[in-house]
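Sequence lines set the chain letters: A, B, ... in the order given, protein chains first and strands last, and positions in each chain run from 1. Since this is a predicted model, take the numbers as computed values, not measurements.
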Number of protein chains: 2
Amino acid sequence: MVRLNNDEADRFHLHLHDLLLNHYDLFRNEFLVLHPTDKAEFFSTLKQQERQIFYRTLTSEEMAEVFQGLDILDQKNMLIDLDQRYASEILNHLYADDAADFLAELDDTEALTLLKTMNLDDAKDVKELMAYPPKTAGAIMTKEFISLTSTHTAQEVIEQLRMEGPEAETIYYLYVVNQADQLVGVVSLRDLITAQSNELVENLMSQRVVSVDSSTNQEEVAQIIKKYDFLAAPVINSDGILVGIVTVDDIIDVLEDEATEDLGDFTAARGATDIHVSSFKAAQLRAPWIVLLMFFGLITAGVIDQFEETLSQIVLLAAFIPLLMGSAGNAGTQSLAVVVRGLALGTLEKKGLVRTLLREFQTGMMIGIICALALLLIIPIFYKSWILAIIVGISIFCSLSVATVIGAIVPLIINKLKLDPAFASGPFITTVNDILGLLIYFTIATSLLEFL
Amino acid sequence: MVRLNNDEADRFHLHLHDLLLNHYDLFRNEFLVLHPTDKAEFFSTLKQQERQIFYRTLTSEEMAEVFQGLDILDQKNMLIDLDQRYASEILNHLYADDAADFLAELDDTEALTLLKTMNLDDAKDVKELMAYPPKTAGAIMTKEFISLTSTHTAQEVIEQLRMEGPEAETIYYLYVVNQADQLVGVVSLRDLITAQSNELVENLMSQRVVSVDSSTNQEEVAQIIKKYDFLAAPVINSDGILVGIVTVDDIIDVLEDEATEDLGDFTAARGATDIHVSSFKAAQLRAPWIVLLMFFGLITAGVIDQFEETLSQIVLLAAFIPLLMGSAGNAGTQSLAVVVRGLALGTLEKKGLVRTLLREFQTGMMIGIICALALLLIIPIFYKSWILAIIVGISIFCSLSVATVIGAIVPLIINKLKLDPAFASGPFITTVNDILGLLIYFTIATSLLEFL
């Protein structure tokens, strides 16, 4: 059966609802073969009363699979519905990383109460994961991996997988450790399957294992998995001991998270893009950026103030301030986007920095000429002033040429200096371009007015 | 061996260089065990002369593995170095999707010449892939997948994998087809391994296969793979026939590509963020956005023009235009970032649209009060004018409150209407906020001046 469209999915959910309420066995038959994601999706369509019936229909192990697919709000709701014994059984059946993620979202006393009711072994893994700093390999890794020693044969390992397989998060990479539990090699299930059955793991494994340290930042882990097209990466501690693995599905979430976070950086909303905080909290997080940038805005006010005399001669000059600043700002952030993308995809290095800057400068000049020509045609028609058209035209040409270079050079410098790229975010570049643009505009206006 | 840091990697490359020039056999031993990504990385450190030696050291099959890890510029360079027979042998050994990606970057006559020299079978697959529109499932899928019929036992399939495995891009998902080659099920290698060896595929496979159509947009494919934590997704044509698979490593590249493309949308550089085009081409791609937004800027000029009389009474009003517009613009794009992130991560739905807008409005008001208070303190000091401070203060409060709502509502509307989110990009929202902000500013200024 292929993927359902929305209508079909709705009809299927209705059908399952009906079975749940009236045909216990049939419901279990149809529900349990669903993909965990679809199970979770169905659960979130249930009303309070139906959920109570649902809980009685599934075992705690089956519920655990539903639970791990839910988002944090639905997870909390489910927990409120259930008695503590059943809840802790569900936690026992979760992968340690899913349990740790969930408990980290609860307040400390709640989390501790639940941890105490869990199996000792499972709780130990969960506690270990919760102890790693957020956004590190340690925090996002899972403890359910398969490790083995190098003296087994391919056939023996496959037999072992038959037993242990269902517990592990992935069985496609098998990690080889020495007697001190230190990571010494990796063998893929693919290599095992295609090997002779009596071949030793020793001869099949790759000794050049790419691993990450448990303290490695999650974005770096993502870049390594992306670079090598891995399905998982092993995580070691400072003694070289294998402590967990990070799987590719977690990495996709990391990449999505980081990409939308980058959007926040880009828009002066750094660290303040969470939708689930109160407006007061949101204001607290976002106001510093707005206020900081407003103070930069005071510099632009000061620049204009210096040219008050020019401005009082042609008040209409003020009318084109937004147009000039807007265009320079847009051209600058275009260059920024080009360079940031080039840096992210690694395509920029090949191009060379000087050539990139030169290209941006030329691009800015060409766009500037087009804009200048358009304004030289339009302004005289609407404002009956050639001198205004010439001032605005020359200014837009100059400021666009400068703006593209500023937009490109700032992220390049920041990248070279290995500083936080947040400093290169759009609003800062726009502010710099505003100040330069206004200086260009009023200097040109003042000079031209003198010649009249 | 764990991951090398930069110094170690440099030393290792030097060591390999040395082996390449002096010890043919030792070089092959050390080089061939490297990960394909590392092989490609080493290749790109070679100078022209060394490359010639390198080519003679490896077979065309071994070269193919290096080739697929290179970026397009290095691939083209390698092709120039090699004679055509050797080059087409490399292409034969590539996965069809890698070969198609490469040929798509060449000009048509070059691509055709190479296609003609390839094996007929391989060339057929490559031509098929090249015929799909770019950025669809068909264009990014690979033809090297494993399909089987449902009447085999687990053991038979594992035996089959031993033979076919090395050819396929992934052996971890096995797709089950009927006699008409239509996709009817999927079985994971994990399920096969953990099953009884005489169990039939029929009983092991899942019949609820999530598949995508060959014309499905690559971003949608990525979202499906992400949603279900898949390692690959099967691609079917309009007759339900299995034609290829998209693997998770390709999807990671898609997500990275789309994320940086979103950055372009966000910054009025839509479709114009390629670093490898000439400045003339870049100007051609980017100028339309700048010019379009400049025409919107003419509206702001018109607004200010309407208030020329007010402006000539207090010329200094002009000095605060950039500050007001900048602050409203930043507050608006903050809200935009919050909502776009919320939509992308799926966290917004739960929150409710009205509550989200209300929250943004409240946040805007709070930030507005802070900014207004700051300006009420600062402006009288620097500009000795209480009336100016009051005008600017009230204006910033009003325009920030409006700007956050605009920033949030536009992407929400666009999302509801299922329109292209590019219309919600930062510059457009900023332009709307500019116009509203100026209207607020000059209306307040005009009213207050009347009362004096």
Could you tell me which portion of A:Q313 (side chain, backbone, both or neither) has an atom closer than 4.5 angstrom to a non-hydrogen atom of chain B?
neither
Report yes if some heavy atom in the side chain of A:I252 is under 4.5 Å from a heavy atom in the side chain of B:V248; otherwise report no.
yes
If you count heavy-atom pairs under 4.5 Å between each of B:A319, B:S327, B:G297, B:A287 and chain A, which one has the most?
B:A319
Should we say atom CD of B:E308 is surrounded by more than 12 heavy atoms from elsewhere, each under 6.0 Å from it?
yes
Set out, in order, the CA-CA distance, both residues' side-chain angles and the distance that settles side chain to side chain donor-acceptor pair (under 3.5 Å) for B:T216 and B:D213, then state yes or no.
CA-CA 5 Å; B:T216 307; B:D213 194 85; 5.0 Å; no
Measure A:L358 against the heavy atoms of chain B and call it side chain, backbone, both or neither at under 4.5 Å.
neither
With chain B, which of A:P36, A:G326, A:A195 has the greatest number of heavy-atom pairs at distances under 4.5 Å?
A:A195
Relative to chain A, which segment of B:Q306 carries a heavy atom at a distance below 4.5 Å: side chain, backbone, both, or neither?
neither
Contact winner vs chain A - B:F382, B:Y383, B:Y172, heavy-atom pairs under 4.5 Å:
B:Y172
Close side-chain approach of B:I435 to B:V303, heavy-atom, < 4.5 Å
yes
Cut-off 4.5 Å, heavy atoms of chain A, and the answer for B:E159 is neither
Structural part of A:Q284 lying under 4.5 Å from a heavy atom of chain B
neither
Could you tell me whether the side chain of A:Q334 reaches within less than 4.5 Å of the side chain of A:V338, counting heavy atoms only?
no
Is it the backbone or the side chain of A:M325 that comes under 4.5 Å from a heavy atom of chain B, or both, or neither?
side chain
Check: A:F295 and B:I378 side chains under 4.5 Å, non-hydrogen atoms
yes
Highest number of heavy-atom pairs under 4.5 Å with chain A: which of B:L316, B:V291, B:L255?
B:L316
Find out whether A:I251 and A:F230 are in side-chain contact, i.e. whether some heavy atom of one side chain is under 4.5 Å from a heavy atom of the other.
no
Heaviest contributor of heavy-atom pairs below 4.5 Å to chain A, chosen from B:L317, B:L375, B:I370, B:I367, is B:I367
Where does B:I396 contact chain A at under 4.5 Å (heavy atoms): side chain, backbone, both or neither?
side chain
Of all of A:I321, A:D434, A:L298, which one pairs up most often with chain B through heavy atoms under 4.5 Å apart?
A:L298
Greatest number of heavy atom pairs closer than 4.5 Å to chain B - which of A:I72, A:V33, A:L189, A:I158
A:L189
Mutual orientation of the aromatic rings belonging to B:Y228 and A:H35 [parallel < 30°, tilted 30-60°, perpendicular > 60°]
perpendicular
For the pair B:S335 and A:R286, evaluate side chain to side chain contact (heavy atoms under 4.5 Å, CB included) and give the outcome as yes or no after the intermediate values.
CA-CA 10 Å; B:S335 299; A:R286 290 196 237 161; 3.5 Å; yes
Between A:T404, A:L34, A:D38, who has the most heavy-atom pairs with chain B when the cutoff is under 4.5 Å?
A:D38
Do B:V184 and B:Q207 have side chains that approach each other closer than 4.5 Å (heavy atoms only, starting at C-beta)?
no
